[in-house]
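Nothing here was measured: the structure is a model prediction, and the numbers come from that model. Just so you know, ligand 1 is whichever comes first in the structure, and atom 1 is the first atom listed for that ligand. Position 1 is the first residue of the sequence, and the numbers go up from there.
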Amino acid sequence: MDKKQTSVYACSMIELSVNHREKGNITVIENRLDIPFAVRRIYYLYDVPAGESRGGHAHRKLQQLIVAASGSFDVILNDGKIKRIFTLNRPYQGLLVIPGIWRELDNFSSGSVCLVLASQKYDTGDYIREYGEFLTWKKI
Ligand code: TYD
């Protein structure tokens with residue numbers, strides 16, 4: 001895959017398994033079984049103040065699965081030409097974000113938890129934080 005040519009249409013919601021139990025539910029995510037990459041890092045956003053937005057960058061190589069482990073928020077994906085907005089509000093759904101996609105996250109509900117499974121370790125060099133630089137990199 002040419003990571004500069006990626007499209008928002010290649011990003012998709014993945015339905016994760018959910019085991020319903022009387023005592024509550026459990027969702028399991030296994031490398032390369034439920035998601036198309038091996039997880040090397042996990043992080044989560046929480047206590048995001050009302051009205052705050054996160055993201056505002058793209059990754060050159062990183063793949064991610066974004067899950068609303070609790071509550072809800074919107075993820076706006078942008079490949080430089082087309083924007084798609086996904087509302088995440090189910091802990092058994094994950095949004096697969098492929099490399100080369102600008103993303104912003106907003107509309108966090110109170111108490112929401114944004115769980116991110118990532119394919120690479122943290123690498124500042126993998127980030128594109130300037131939108132103009134992103135468009136140049138995408139050759140748009
Ligand atoms: P950033 O990815 O910019 O967060 P967001 O896109 O949600 O606004 O990261 C915020 C800060 O956290 C930044 O200073 C770097 C740090 N950070 C790490 O040290 N390791 C990580 O794995 C991540 C994702 C962030």
Just wondering, are more than 12 heavy atoms of other shown residues or ligands nearer than 6.0 Å to OH in Tyr131? yes

Kindly check if the number of other-residue, nucleotide or ligand heavy atoms within 6.0 Å of CD (Glu133) is above 12?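 Atom CD in Glu133 is packed in, count exceeds 12.
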
For [atom], closest protein heavy-atom neighbour:
| atom | answer |
| --- | --- |
| atom 6 (O) of ligand 1 | His57 CE1, 2.7 Å |
| atom 2 (O) of ligand 1 | Tyr127 OH, 2.7 Å |
| atom 4 (O) of ligand 1 | Arg54 NH2, 3.3 Å |
| atom 19 (O) of ligand 1 | Tyr122 CE2, 3.7 Å |
| atom 24 (C) of ligand 1 | Arg41 NH1, 3.3 Å |
| atom 3 (O) of ligand 1 | Arg129 NH2, 3.0 Å |

Using non-hydrogen atoms of the residue, decide whether Lys121 is closer than 4.0 angstrom to ligand 1.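 Heavy atoms of Lys121 never come under 4.0 Å of ligand 1.
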
Assigning hydrophobic clusters by single linkage (Ile, Leu, Val, Met, Phe, Trp, Tyr; side-chain heavy-atom cutoff under 4.5 Å), is Leu77 placed with Phe108? yes

Among Ile85, Val97, Asp79, Ile98, which one satisfies side-chain contact (heavy atoms from CB on, under 4.5 Å) with Val8? Asp79

Less than 4.0 Å from atom 22 (O) of ligand 1, is there any heavy atom belonging to the protein?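 True for atom 22 (O) of ligand 1.
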
Is the closest protein non-hydrogen atom to atom 11 (C) of ligand 1 under 4.0 Å? no

Does any non-hydrogen side-chain atom of Leu88 lie less than 4.5 Å from one of Ile66?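 Yes, at least one pair of side-chain atoms sits under 4.5 Å.
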
Asp126 and side chain to side chain donor-acceptor pair (under 3.5 Å): which single residue from Lys61, Arg60, His59, Gln120 fits?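 Output: one option passes, namely His59.
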
Are any of the N/O atoms in Gly55 less than 3.5 Å from those in ligand 1?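 By distance alone, the answer is yes.
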
Parallel, tilted or perpendicular: which fits the ring planes of Tyr122 and Tyr127, with parallel below 30° and perpendicular above 60°? perpendicular

